[in-house]
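Scroll down for the structure; my scribbles are underneath it.
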Number of protein chains: 2
Amino acid sequence: MTNGDPAERILDAADELFSARGIAGVSVRDVAERAGVKKASVFYHYKSKDELFERVLERYYTAHARVLESVDSGGDVSERLHRFIDAYLDFIEDHHRYVRLVQMEITSGSAHLPQIARGVGLLHERVQAILSGLVPDSGPLAARQFFVSFAGIVNNYYLYAPALSAMWGGADPLAAGPRRERREHVHWIVDALLSRLGGK
Amino acid sequence: MTNGDPAERILDAADELFSARGIAGVSVRDVAERAGVKKASVFYHYKSKDELFERVLERYYTAHARVLESVDSGGDVSERLHRFIDAYLDFIEDHHRYVRLVQMEITSGSAHLPQIARGVGLLHERVQAILSGLVPDSGPLAARQFFVSFAGIVNNYYLYAPALSAMWGGADPLAAGPRRERREHVHWIVDALLSRLGGK
DNA sequence: GTCTATATCTCGATAGAC
DNA sequence: GTCTATCGAGATATAGAC
């Protein structure tokens with residue numbers, strides 16, 4: 001971690017550490033060490049630990065929004081939903097740490113919750129738009145219920161990975177093979193749900 | 001928080017604070033204040049912050065195991081699965097904080113992961129036992145995949161609650177009405193999956 | 001068992017030399 | 001822009017009176 005623009009290196013280091021141990025579990029000194037600079041340099045580039053964290057979040061938010069925009073929105077409900085979920089899976093496979101970061105901040109009652117809720121809200125709107133013709137506006141089959149379920153099914157695999165690895169005899173759930181298997185499982189579930197909803 | 005055995009009060013205070021802000025986000029002073037004792041008394045009853053946390057986890061683990069044992073295991077796959085999920089939902093409605101605590105520690109790469117994996121393992125074994133006759137031993141439809149999915153569907157609602165509240169116009173997702181609705185949704189999904197698996 | 005007082009450390013953040 | 005040095009606050013943990 002000694003190549004490239006120092007400000008960028010610090011951001012990368014903060015990203016890795018925050019998403020591994022949470023904001024409260026990481027000191028600015030830790031970040032500096034990993035970035036290969038001294039602590040005071042971190043404060044030169046980012047005026048506080050808090051701002052540093054916000055910049056980490058912001059970078060993810062931008063990447064996330066860009067991916068969502070690029071998803072083709074043609075076809076029937078099933079095609080759109082599968083494509084949307086594939087795009088999201090692609091995104092988190094490229095950005096493992098994003099899911100952990102967001103989950104950790106939501107779970108720990110972060111002060112940055114409004115900023116985080118923007119990202120969650122983007123996904124929710126998409127799911128709502130895709131399912132709008134197929135499900136009621138309220139009640140147990142409303143789009144928002146399915147949104148939470150899809151998010152749980154997809155995210156939980158990545159969040160539980162450290163615990164699953166121990167349970168599955170040490171195999172890495174994040175290796176290419178298991179990840180592909182998980183993706184198939186998710187699509188199978190989506191088909192099962194759409195089928196019962198009468199969408200296809 | 002000034003009634004009962006002091007050691008118990010300290011444990012309760014630690015439970016509430018750790019599960020709300022994470023272990024690193026809480027100081028022993030915070031715990032002492034909430035328990036209505038002085039900081040040194042916390043160290044008298046528990047020799048370190050770390051031991052205090054382990055005792056909090058242990059108490060949940062015991063309660064969790066007791067609930068799992070009490071679930072009736074008769075009937076067909078569908079009955080058993082619905083009953084199992086209801087029992088788990090009952091448990092986390094009574095122990096909201098447990099889910100947050102476990103998730104936070106898994107996500108943040110806790111040093112206590114082995115202890116936590118025990119609780120996850122208990123659930124996994126149950127799901128595996130219930131589904132064993134209905135799904136293959138490996139691949140995208142293996143029981144372990146469904147275990148992760150069920151866990152995600154159920155847990156995620158409680159974990160995302162703070163962010164959902166903001167998105168749903170301020171309504172509390174943990175109030176009795178929304179919780180009942182969520183439970184219906186979960187059972188609907190279980191039926192959809194069993195139906196496609198050919199279980200009923 | 002609970003307290004006050006304190007030792008020791010590490011934190012976030014700043015000052016100022018280079 | 002990056003460093004050394006340091007500040008003041010707050011952290012974990014302990015000593016010892018009561």
Side-chain angles (χ1 to χ4, degrees), chain A residues 1-59 101 104-105 107-113 115-116, chain B residues 1-59 101 104-105 108-113 115:
Chain A
M1 183 77 64
T2 46
N3 296 336
D5 176 30
E8 201 76 18
R9 274 190 352 244
I10 292 168
L11 211 57
D12 289 338
D15 179 0
E16 288 169 33
L17 293 172
F18 285 152
S19 52
R21 309 206 300 260
I23 183 164
V26 174
S27 76
V28 175
R29 168 176 302 237
D30 294 336
V31 174
E33 268 172 22
R34 174 167 283 241
V37 298
K38 296 297 173 183
K39 192 171 53 136
S41 287
V42 174
F43 284 103
Y44 172 79
H45 289 284
Y46 306 92
K47 74 167 185 280
S48 68
K49 184 185 179 180
D50 226 54
E51 189 201 303
L52 180 55
F53 176 72
E54 277 165 24
R55 297 287 295 273
V56 170
L57 260 193
E58 190 186 303
R59 200 168 55 159
L101 203 64
M104 218 152 22
E105 292 304 303
T107 311
S108 68
S110 167
H112 302 90
L113 203 138
Q115 197 181 351
I116 286 167
Chain B
M1 183 77 64
T2 46
N3 296 335
D5 175 31
E8 201 77 16
R9 280 195 342 250
I10 292 168
L11 210 57
D12 288 338
D15 178 2
E16 288 170 32
L17 293 172
F18 285 152
S19 52
R21 308 206 302 261
I23 184 164
V26 173
S27 74
V28 175
R29 168 177 305 235
D30 294 335
V31 174
E33 268 172 23
R34 175 167 282 243
V37 298
K38 295 299 172 182
K39 196 173 49 141
S41 288
V42 174
F43 284 103
Y44 172 79
H45 290 283
Y46 306 93
K47 74 167 188 279
S48 69
K49 185 186 179 180
D50 226 56
E51 188 201 304
L52 180 54
F53 175 74
E54 277 166 24
R55 298 288 294 274
V56 170
L57 260 192
E58 190 185 305
R59 200 168 55 158
L101 204 64
M104 219 153 21
E105 291 305 303
S108 68
S110 167
H112 304 89
L113 204 138
Q115 197 181 352

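What you see below is based on every heavy atom in this structure, not just the backbone, and it leaves out hydrogens, waters and symmetry mates. Residue numbering restarts at 1 for every chain, and letters A, B, ... go by the order of the sequence lines.
- In terms of position on DNA chain C, the residue among B:His45 and A:Asp50 whose nearest nucleotide sits closer to the 5' end is B:His45.
- Inter-residue side-chain proximity for A:His112 and A:Asp50 is flagged as met; some heavy-atom pair is nearer than 4.5 Å.
- Here D:dA13 presents its P atom at 14 Å from CD1 of B:Ile10, a figure rounded to the nearest Å.
- Just one of A:Arg34, A:Arg59, A:Arg55 meets the salt bridge (Lys or Arg N to Asp or Glu O under 4.0 Å) condition when paired with A:Asp12; it is A:Arg59.
- Of the residues in residues 22-33 of chain A, none lies under 4.0 Å from DNA chain D by heavy-atom distance.
- Nearest heavy atom pair, residue A:Gly25 against residue A:Arg21, reads O-NE, 3.4 Å.
- For B:Ile10 against B:Ser41, the heavy-atom pair with the smallest separation is CD1-O, 4.2 Å.
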### Task
Mind running side chain to side chain contact (heavy atoms under 4.5 Å, CB included) on A:Leu11 and A:Leu52 for me, showing each step along the way?
CA-CA 7 Å; A:Leu11 211 57; A:Leu52 180 55; 3.9 Å; yes
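- Across all their heavy atoms, B:Arg9 and B:Val37 have their closest contact at NH2-CG1, 3.5 Å.
- Rounded to whole Å, atom C1' of D:dT14 lies 18 Å from atom NZ of B:Lys38.
- From the 5' end on, the contacts that DNA chain C makes with chain B at under 4.0 Å to a non-hydrogen atom open and close at C:dG1 to C:dT4.
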### Task
With side chain to side chain contact (heavy atoms under 4.5 Å, CB included) as the test, would you mind laying out the steps for A:Phe53 and A:Glu105 before giving the verdict?
CA-CA 11 Å; A:Phe53 176 72; A:Glu105 292 304 303; 3.4 Å; yes
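- Taking each heavy atom of B:Val42 and B:Ala32 in turn, the nearest pair found is CG2-CB, 3.8 Å.
- Atom pair A:Phe43:CZ and D:dG8:C1' shows a separation of 14 Å (rounding to whole Å applied).
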